[in-house]
Amino acid sequence: MQDILIKNGLIVTARETVRADLLITDGLIAAMGESLDRAGAVVIDAADQYVMPGGVDVHTHLNLTVGGLKVSDGFFEGTAAAAFGGTTCVVEHPSFGPAGCSLMHQVQSNRREAEKSCVVDFGLHGVFQHLNSQILEEFPTLLAEGVSSSKIYLTYDGRLTDQQILTVLERSKKSGLLTAFHAEHHDIIDFLTQKFRGENKQAPMYHPLSRPDYCEAEAVYRIISLAEAAGDVPVYIVHLSTAAGLKVIEAARGRGLPVYTEVCPQHLLLEDSCYEEPESKGLKYIMAPPVRKSADSAALWRGLAEGSIDVVATDHCSFTFADKLARGRNDFSLAPGGIPGVETRLPLLFSEGVLKNRISLNRFVEVVSTAPAGLMGLSPRKGSLDPGGDGDVVIFDPNIEKTITPDILRQNADYSPFEGRVVRGWPTTTIVRGTVVVQNGQLLVEKGWGQYISRHQTEIISTVEGD
Ligand code: DUC
Ligand code: ZN
């Protein structure tokens with residue numbers, strides 16, 4: 001493997017911004033300093049560009065199948081899109097598996113598939129869909145296999161009851177596993193959806209109305225209460241979307257409870273008027289939780305800047321507009337939920353966050369790379385440019401201006417929910433473990449270059465008592 005020397009760039013990490021060169025040897029970060037030299041190294045000139053730790057997206061569904069419908073990308077196309085967007089490691093949330101399957105079932109089947117296909121590194125979350133003694137016995141195996149977090153849904157058919165959640169939380173703390181939560185109140189959503197159907201209110205604009213903000217706030221409050229009862233167990237709320245939910249989280253954090261949160265670009269940048277786009281185009285934005293109001297996005301930006309929101313991930317789940325139309329034209333609730341986003345996360349957050357002075361440049365790196373790597377048990381390999389870590393680097397040109405359209409994106413989707421938005425700042429080179437994966441718009445590695453990353457117990461679960 002050839003050494004790589006990145007010269008003349010501005011190094012940006014969560015901690016600092018320095019003008020320096022960066023040396024990668026044997027796939028690992030070796031040194032940062034002025035006027036570095038290395039015989040035989042491939043030299044990349046990063047003049048006028050930022051050199052940052054590779055993006056870490058800890059919420060993707062690149063391989064999801066739901067209701068017999070598979071997302072449009074799969075691990076190869078999905079991780080190629082990630083690499084084009086400056087992301088060097090993803091952590092996939094697998095779909096629910098066959099009824100009654102073991103906890104390891106979805107992890108093992110997704111790992112087999114991903115190892116053949118990924119072009120960036122990947123980890124896997126576990127997913128709970130029922131609970132029994134066999135599942136409880138699998139907790140240590142999960143961590144031993146590098147799966148240090150698992151998700152519980154409060155909605156959908158695979159949701160757990162409060163009693164089951166208490167059991168999982170208690171056992172997770174003992175076993176050193178972090179529990180992530182999809183926080184929506186199932187019965188309210190079901191009730192409102194049926195009510196709208198009965199009134200013939202089936203256009204996309206009824207999607208956010210069927211999942212009001214109090215559905216999220218109630219679910220977040222319940223999760224935090226259950227975690228408190230189970231012994232102040234750390235919890236991670238995925239895709240927070242509302243000011244009401246954030247308020248609950250901030251109150252809990254104010255009381256010292258270990259509650260961590262992720263937000264996605266769609267909830268920072270889109271407004272619920274999108275559901276009224278003509279010709280059923282509102283279906284493009286069917287996702288759960290839905291796009292909210294501008295007051296919600298404003299609160300989420302504030303939380304991100306102040307630190308009560310820890311991570312920006314994507315919930316990338318690339319159902320095509322064609323599939324959404326085919327199923328949801330006459331009833332929004334039948335359209336598959338999810339949007340593409342893994343490729344546009346860094347440009348959108350830089351352009352809308354840093355350039356609009358909502359977050360600093362170092363906070364940008366923190367929320368797209370360093371914090372998710374730490375919370376999800378990927379550091380010190382991922383998320384920094386510290387010597388000894390993986391040589392995962394994105395070179396990012398802050399002056400490239402692009403208008404987002406599906407044609408300029410690598411992702412295998414027939415639309416982008418951010419279509420028409422002009423952004424400044426785009427990745428030009430993506431390096432994974434010291435190998436250039438994307439440069440000058442070309443994918444330079446074969447399918448399967450990405451490696452499975454065995455994640456360790458996350459740094460926020462410190463009170464392991466053994467299992
Ligand atoms: N919500 C979505 O919109 N898609 C995938 C999973 C989810 O919870
Ligand atoms: Zn998701």
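Since we're looking at a predicted model, the values are computed, not measured. Whatever order the structure lists ligands and atoms in, that order sets their numbers, starting from 1.
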Q: State whether His59 contributes an N/O/S atom found under 2.8 Å from the Zn ion (ligand 2).
A: yes
Q.
When you measure from the Zn ion (ligand 2) to the N, O or S atoms of His61, does any of those distances fall below 2.8 Å?
A. yes
Side-chain ion pair, [X] and [Y], N-O less than 4.0 Å:
| X | Y | answer |
| --- | --- | --- |
| Glu184 | Arg211 | yes |
| Arg111 | Glu115 | yes |
| Arg433 | Asp121 | yes |
| Glu250 | Lys247 | no |

Q.
Contact between Tyr214 and Thr242 at the side-chain level, heavy atoms closer than 4.5 Å - yes or no?
A. no
What are the atoms of ligand 1, with element, lying closer than 4.0 Å to any heavy atom of [X]?
| X | answer |
| --- | --- |
| Met287 | 3 (O) |
| His61 | 5 (C), 6 (C) |
| Gly338 | 3 (O), 4 (N) |
| Cys317 | 4 (N), 5 (C) |
| Ala288 | 1 (N), 2 (C), 3 (O), 7 (C), 8 (O) |

Q) On the ring face of Phe76, is Lys447 found with NZ or CZ under 6.0 Å from the centre and within 45° of the axis? A) yes
Q) Which atom, counting only N, O or S, brings Asp315 closest to the Zn ion (ligand 2)? A) OD1
Q) If we ignore angles and hydrogens, is there a donor and acceptor under 3.5 Å between the side chains of His316 and Thr60? A) no
Q: Starting from atom 7 (C) of ligand 1, locate the nearest protein heavy atom and write down its residue, its atom name and how far away it is, to 0.1 Å.
A: Tyr156 OH, 3.5 Å
Q) For atom 4 (N) of ligand 1, what's the nearest protein heavy atom and its distance? A) Gly337 O, 3.0 Å
Q. Between Lys324, Glu277, His207, which is the residue that forms a side chain to side chain donor-acceptor pair (under 3.5 Å) with Tyr285?
A. Glu277
(Q) Checking the N or O distance criterion of under 3.5 Å, is ligand 1 in contact with His182? (A) yes
